[in-house]
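Accompanying notes for the structure given below.
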There are 4 protein chains.
Amino acid sequence: MGIHERKQREKEQRRKQIMEAAKTVFSAKGFNRATMEEIAGEAELSPGTLYLYFKNKEELHTSLSINILQHLTEQMIAFVHDKNLDAMEKLMALKDVFIKVYEYDAMVLINLFHLQSGETLKNLSGPVLNEIKETSADAIGAITAIVQEGIDQGVFVERHPVALADIIWATYSGVVLWVDSKRLLNNEKDFVIQTLETAFELIAIGLTQSDKP
Amino acid sequence: MGIHERKQREKEQRRKQIMEAAKTVFSAKGFNRATMEEIAGEAELSPGTLYLYFKNKEELHTSLSINILQHLTEQMIAFVHDKNLDAMEKLMALKDVFIKVYEYDAMVLINLFHLQSGETLKNLSGPVLNEIKETSADAIGAITAIVQEGIDQGVFVERHPVALADIIWATYSGVVLWVDSKRLLNNEKDFVIQTLETAFELIAIGLTQSDKP
Amino acid sequence: MGIHERKQREKEQRRKQIMEAAKTVFSAKGFNRATMEEIAGEAELSPGTLYLYFKNKEELHTSLSINILQHLTEQMIAFVHDKNLDAMEKLMALKDVFIKVYEYDAMVLINLFHLQSGETLKNLSGPVLNEIKETSADAIGAITAIVQEGIDQGVFVERHPVALADIIWATYSGVVLWVDSKRLLNNEKDFVIQTLETAFELIAIGLTQSDKP
Amino acid sequence: MGIHERKQREKEQRRKQIMEAAKTVFSAKGFNRATMEEIAGEAELSPGTLYLYFKNKEELHTSLSINILQHLTEQMIAFVHDKNLDAMEKLMALKDVFIKVYEYDAMVLINLFHLQSGETLKNLSGPVLNEIKETSADAIGAITAIVQEGIDQGVFVERHPVALADIIWATYSGVVLWVDSKRLLNNEKDFVIQTLETAFELIAIGLTQSDKP
DNA sequence: AATGAATGAGGGTTCATTCAT
DNA sequence: CATGAATGAACCCTCATTCAT
């Protein structure tokens, strides 16, 4: 079993090595202009080897996104059940996770949000698609739980919690995509984090105040 | 002059004809899987003709986005200077424009928001890039003007107006992308408009209320 | 008939105008990279018009060569029958014509010599091919006549006059092609004329001296 | 080591296989009408494979020329340093090499001389261009050395040795191109070799005799 | 005669993927 | 498992040529 386990770990190790290389190349070239040969070169492997670990280029690409989505979701779930935090504190913790993940790997996160595109989504194989569906359901579920808790506690005003969760998630993705593209268009400094902070201020107010008088 | 003008109009007509066909094909296949030959067929023209009107596939694709962005911006600017509306009414008018444009052509709008992607942005020619930059600056400018007016009138609380405009725009794009992808993932009904309504409620509250107590 | 003649002259005029433009463009781009559209633009005509005067691109290209070949041949023939010159003087006159034509239009001359290529020759239509055959036969005939006269006069040693004419013509084309390409390869000054002068010295000696002792 | 060497040899083998096929196809169709697909078919390989060994069509074509130029140059250099030959004998040996190479592969040789064309030359990549420059400099250098030796020995009259080398090389290329094209034009027998023999007689006389009396 | 918009066949090239070693 | 040479389908784009006006 020692042998079997080591094999398993080596295999996992290779996958990571490839995904790391893929991240670098996709990041520099974008999906279309990146070639499997270049990724293989970056990973110091041969092209053929990539196909032992990933079914094809698309799934290698998607794996990057799934990875960060799982990472993000895990962290969100971690404090949802934390009894020591009230709903508003959880909302702020959510914001901090969003920012931390953005800081951790902006490019893969952007990539994840672009996955929300018909073109990409349509071409994924069933299992991969399911993994995405489930993980993103978990992510939205975690946000929904926070919102629901706030409503139950009377801290947040009563609205459809799933819609609110969608808005929070959408704001996150929208800010990351738009502010990042502004950076590219105008050679600006990176304002994503500041903008996220302000966006969450607005969201917090919107969630707590009943209505414009 | 009659001749010259008619020629001009015919040329404009052809561009539209091609863009219409391109929209159909890109919409059905996505950028990569769409072929110029198929677009030409859809437009009942020969492949070569496409290149008389668009430099290459990428610029044809981008033209669709620019088009809707200009359309959107024009409408936004239209009521910014309307003296009969106060800032909050303008904000609601903005929401209505957003919704109307989404209803008018969801697919091209989604396409526009995906243009905010490094991969696509990096490969555009100078003139096209400039057109995007300018038009999107106009769009953000229009939103900024509304927010600024609200602040000046004491209706909105004082915050950095550009950041707020970015957040509004980002929320729009985020909601459209995310809720649309949820529809694809889960074969859901289209909730984009309802979600946008709710999102704007939150934004309106966030803009008018100073802070959580 | 006045009308008919004027029409005729105008037509001739247009051909020249097109050939002039073609010369410019072929010269700058080479045959393959030159486009009919660009030639039309240079001639301030539309692409379609070119086809009223030349059957296709290849024959337009070849016409340039035929033109200079006829020009060259005419001048050679002019002094072949000049009773005031002896064979050696005629040989020197030949050299002068060669140089003058090179100076007049180096590019078209080079073009002519490249026509001596299987690829180009094989794709010409019958009539054009015949014109080339006849004119180049005339050219070689003129040189042969000079050599023959020299032999008859006992000035040149007895050898096969056609072979000698071929060698003279080949030397001309070889020097022009090779020295011009050296210019391109090494960014050298143009040494074609000096090299031709030296080459003809050698030829003159070779023709007059019987053999190495 | 055995493995590495064999791989190397196999690779070299493939290049030859492709060049052989290319020679056949270019020879039959000329550069423009030859297609990569046809060459691949002739080599019993797939089109893609060609691009593993040659950057593009042009460089495959040029490689053929460079090959024969190197072959020619090697042989010329071989006897330049032969102490057993005097200058005149070396000149005659040069002629023999010229003839042998022509007999060995006339078509590729003609191809080489056509490379001396602006159009082709301008579109070559730096490294390939350099290889041509260097090899043709070596070729001219070898001829120059012979001529210089003749002058030093007092066998040849004193003239600029480089110019003489150029003339010899130009005569070679001119005779091959022109007499071969005569063959094509008039369905003649192949007189290249006889003409070269006569040409070298003239050159020998021209080099040894001081001047027309 | 002149136009010039439209044509559409054609080919070079790329690159994800495979498979014999 | 790993390799990497070979594959070959696919596609963008060019441009000589045509023809309705």
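Numbered from 1 within each chain, the chains take letters A, B, ... in sequence-line order.
- Rounded to whole Å, the distance from NE2 on His61(D) to P on dT13(E) is 14 Å.
- Following rounding to the nearest Å, Arg15(D) (CZ) and dA6(F) (P) show an atom-to-atom distance of 13 Å.
- In this structure, the side chains of Arg14(A) and Leu45(A) come closer than 4.5 Å at one or more pairs of heavy atoms.
- Among the protein residues, Arg14(C) comes within range of the sugar-phosphate backbone only, with heavy atoms under 4.0 Å from sugar or phosphate atoms but none that close to a base.
- Base pairing annotation: dC19(E) forms a Watson-Crick or G-U wobble pair with dG4(F), both donor-acceptor distances under 3.5 Å.
- With rounding to whole Å, Glu10(D) atom CD is found 14 Å from dT3(F) atom C1'.
- Taking atom CG of Leu60(B) as the reference point, atom C1' of dC13(F) lies 14 Å away to the nearest angstrom.
- The CZ atom of Phe54(C) sits 13 Å away from the P atom of dT17(F) (whole-angstrom rounding).
- If you find the closest nucleotide of DNA chain F to Pro47(C) and to Leu52(D), the one lying nearer the 5' end belongs to Leu52(D).
- Counting only distance, with no hydrogens or angles, the side chain of Lys57(A) and the backbone of Ala34(A) share a donor-acceptor pair below 3.5 Å.
- Between Asn32(D) atom CG and dA9(E) atom C1' there is a gap of 16 Å when expressed in whole angstrom units.
- Between Tyr51(B) and dA6(E) there is no side-chain N or O to OP1 or OP2 distance below 4.0 Å.
- OP1 and OP2 of dG8(F) both lie 4.0 Å or more from every side-chain N or O belonging to Ser46(D).
- Between Arg9(A) and Glu12(A), none of the side-chain N atoms (NZ, or NE/NH1/NH2) sits under 4.0 Å from a carboxylate O, so this pair counts as no salt bridge.
- In this structure, of dA16(E), dC11(F), dA16(F), it is dA16(E) that holds the atom nearest to the side chain of Lys57(A).
- Put simply, Tyr53(D) has a side-chain N or O that comes within less than 4.0 Å of OP1 or OP2 on dA6(F).
- Summary of the strand contacts: Lys11(B) and Gly48(B) both lie near DNA chain E, and taking for each the nucleotide with the nearest heavy atom, the more 5' one is attributed to Lys11(B).
- Looking at residues two or more places apart in sequence or on another chain, you find no salt bridge (Lys or Arg N to Asp or Glu O under 4.0 Å) involving Lys133(A).
- Straight-line distance from the CD1 atom of Ile18(C) to the C1' atom of dA1(E): 12 Å, rounded to whole Å.
- Looking at which nucleotide of DNA chain E each of Thr49(A) and Phe31(A) is closest to, the 5′-most match is held by Phe31(A).
- Note: CE (Met36(B)) to P (dC12(F)) measures 7 Å, nearest angstrom.
- Inter-residue side-chain proximity for Asn130(C) and Pro127(C) is flagged as unmet; no heavy-atom pair is nearer than 4.5 Å.
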